[in-house]
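The structure appears right after this line, and notes come after that.
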Amino acid sequence: MSIQYRKILELHAQKVVQRNIAAATGNSRPKIAEIIKRAKEEVLVPPFTDEMDDEWFEALLFPHKKRESKGRQLPDFEHIHTELAKSNVTLSLLHYEYEAM
């Protein structure tokens, strides 16, 4: 579940307590407090424009945070499907050939 920065800040502007914001968004109270603190440092107050989406807020509030890949690539499912359609080919055989590469 991603963080709903815009909703958190809008609820905070409506004077909703952090416990209720956490319940509404599914985030922890310390995370809510951190987002509100950083928003106050950046002087962000509603109303927000349409282009201010959650990605925009994340880039502004947490510029050092960047998405990292896990170092794994998805398998080529199209190739696997065509190989499995051949006779005498099993998923374990394909896995064995993949590991041998």
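Hydrogens, waters and symmetry mates are skipped; everything else that's a heavy atom, side chains included, is used.
- K31 is linked by a salt bridge (charged side-chain N to carboxylate O under 4.0 Å, His left out) to E34, counting only residues two or more places apart in sequence or in another chain.
- Under the 4.5 Å side-chain heavy-atom criterion for Ile, Leu, Val, Met, Phe, Trp and Tyr, I32 and V45 are members of distinct hydrophobic clusters.
- Taking 4.5 Å as the limit, every side-chain heavy atom of I35 sits out of range of all side-chain heavy atoms of N27.
- Looking at I3 and F57, their side chains never come closer than 4.5 Å, going by heavy atoms from C-beta outward.
- Looking at L94 and I80, their side chains come closer than 4.5 Å, going by heavy atoms from C-beta outward.
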With a 3.5 Å cut-off and sequence neighbours excluded, list the donor-acceptor pairs that the side chains of residues 5-19 form with protein atoms.
unit_1 : atom_1 : unit_2 : atom_2 : d
R6     : NE     : E10    : OE2    : 3.1
R6     : NH1    : T49    : O      : 2.8
R6     : NH1    : M52    : O      : 2.9
R6     : NH2    : F48    : O      : 3.1

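- Each side-chain hydrogen bond (donor to acceptor under 3.5 Å, both in side chains) pair with one or both residues in residues 83-99, not counting sequence neighbours, appears once here: E83-K86.
- Every side chain to side chain contact (heavy atoms under 4.5 Å, CB included) that E78 has, sequence neighbours left out, goes to D76.
- With values rounded to the nearest 0.5 angstrom, I21 atom CD1 is found 11.5 Å from Q4 atom CD.
- Of all non-hydrogen atoms in D53 and E55, the two that sit nearest each other are OD2-OE1, 2.9 Å.
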